[in-house]
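To start, the structure itself, in structure tokens.
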2 protein chains.
Amino acid sequence: MITFETFKPVEGTPIYQQILLYIKRGAVAGTIRDGDELPSRRVLSALLGINPNTVQKAFRLLEDESLITSQTGAKSYMTLSGEKIGKLREDLIREDIRSIAGALRQMGIDKEEALRLLSENWEESES
Amino acid sequence: MITFETFKPVEGTPIYQQILLYIKRGAVAGTIRDGDELPSRRVLSALLGINPNTVQKAFRLLEDESLITSQTGAKSYMTLSGEKIGKLREDLIREDIRSIAGALRQMGIDKEEALRLLSENWEESES
DNA sequence: CAAACTGTACTAGTCGTATAATACAGTCAA
DNA sequence: TTGACTGTATTATACGACTAGTACAGTTTG
């Protein structure tokens with residue numbers, strides 16, 4: 001059962017997108033595996049203090065990407081493969097790197113300084 | 001005069017916030033300096049193809065942070081100081097690093113691998 | 001079987017972002 | 001001084017994210 005214990009929604013980005021990212025990153029990290037059982041829409045929404053429809057939207061999008069399977073009346077499960085995880089990892093990392101590199105470049109920061117900044121502030125930015 | 005030539009709005013985040021970031025990052029980079037003249041609300045909105053009210057919202061927030069001064073009837077100008085720029089630089093970088101570090105950590109990526117990924121993909125992620 | 005769960009669907013409302021149109025007051029230069 | 005520009009303010013509309021409540025069909029378990 002996927003727990004969502006470490007899920008802390010942030011304001012500023014849609015919650016359903018944050019749920020999507022939480023699942024995808026968990027899959028890449030290996031903490032979420034193929035066949036894992038997902039909490040029901042109602043249970044998860046109560047746990048997170050959000051609306052069931054918001055959870056449903058996130059789960060529907062996950063199903064659109066074939067990362068979970070849902071069936072009326074039954075529980076939902078992760079459907080992962082090595083190929084899917086590899087794609088996820090590549091996509092997520094590329095997007096994250098593109099984002100930070102663009103931001104730092106706009107501030108006139110070059111590659112060497114970016115590496116130094118990331119190295120110096122890595123531990124400091126614990127969640 | 002600040003040009004906004006390299007400003008490309010992205011969908012997914014509010015445009016007024018992107019304008020804020022564009023100005024702040026330019027100030028940190030040194031391409032935007034104290035006393036620089038800002039385009040008028042009407043001119044900039046026409047240039048970017050967005051609504052004047054959206055530009056006004058961004059400029060109002062900049063004035064709330066005392067980064068620009070506005071006066072009815074007259075043009076608006078940047079009001080920067082070394083101290084302000086230093087604060088901006090620290091805040092923006094810290095937030096960016098926190099964001100990428102959190103994302104990569106959620107994917108089970110440690111500091112060494114993060115540095116390697118950033119180094120390998122820095123050039124590739126040109127805007 | 002029956003109760004308690006599951007996923008799914010729908011309507012209605014709030015809130016923030018963004019647009020559209022207009023108005024008014026102050027500055028600046030021809 | 002006059003006209004063209006500035007900043008500022010107002011009202012109305014549209015849309016997506018999110019909430020709230022309800023309903024129905026299918027599965028699972030006692």
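Lettering of chains follows the sequences in order, A, B, ..., and the numbering in each one begins at 1.
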Taking only distance into account, with no hydrogens and no angle test, what donor-acceptor pairs under 3.5 Å do side-chain atoms of residues 4-15 of chain A form with protein atoms, sequence neighbours excluded?
residue	atom	partner	partner atom	Å
A:T6	OG1	A:Y22	OH	3.0
A:T13	OG1	A:Q18	NE2	3.2

Checklist entry - Which distance, rounded to the nearest 0.5 Å, do you find between the CD1 of A:I19 and the NZ of A:K24? => result 13.0 Å

Item to check | Side-chain ion pair, B:R89 and A:E113, N-O less than 4.0 Å | outcome: yes

Checklist entry - Rounded to whole angstrom units, what separation is found between the CD atom of A:E11 and the C1' atom of D:dC18? => result 13 Å

Item to check | Test item: A:D36 and A:M1 side chains (from C-beta on) under 4.5 Å apart, heavy atoms | outcome: no

Item to check | Pair listing, ring-ring contact (aromatic ring centres under 6.0 Å, His included) test, anchored in residues 44-68 of chain A, at least two apart | outcome: none

Next on the checklist: One character per nucleotide, please: for nucleotides 7-13 of chain D, 5' to 3', B when the base has a protein heavy atom closer than 4.0 Å, S when only the sugar-phosphate does, - otherwise.
Outcome noted: BB-B---

Short N/O separations, protein against nucleotides 14-17 of chain C, under 3.5 angstrom:
residue	atom	partner	partner atom	Å
C:dT17	OP1	B:Y16	OH	2.6
C:dT17	OP2	B:K57	NZ	2.8

Checklist entry - Heavy atoms under 4.0 Å, any strand shown: does B:V55 hit a base, just sugar-phosphate, or nothing? => result nothing

Next on the checklist: In the structure I gave you, are the side-chain heavy atoms of B:R60 and B:D64 within less than 4.5 Å of one another anywhere?
Outcome noted: yes

Item to check | Base of D:dA20 paired with side chain of A:N51 (donor-acceptor, under 3.5 Å) | outcome: yes

Item to check | Presence of salt bridge, A:E120 and A:R116, under 4.0 angstrom | outcome: yes

Only pairs under 3.5 Å count here: list side-chain donor-acceptor contacts from residues 80-88 of chain A, not counting sequence neighbours, and write none if there are none.
residue	atom	partner	partner atom	Å
A:S81	OG	A:K84	N	3.1
A:K84	NZ	A:S66	O	2.7
A:K84	NZ	A:T79	O	2.9

Item to check | Any B:R105 side-chain heavy atom under 4.5 Å of A:W122 side chain | outcome: yes

Item to check | Separation between OG of A:S76 and CG of A:L62, rounded to the nearest 0.5 Å | outcome: 10.0 Å

Next on the checklist: So for the helix from C:dC1-D:dG30 to C:dA30-D:dT1, with five pairs setting each end axis, what is the inter-axis angle to 10°?
Outcome noted: 10°

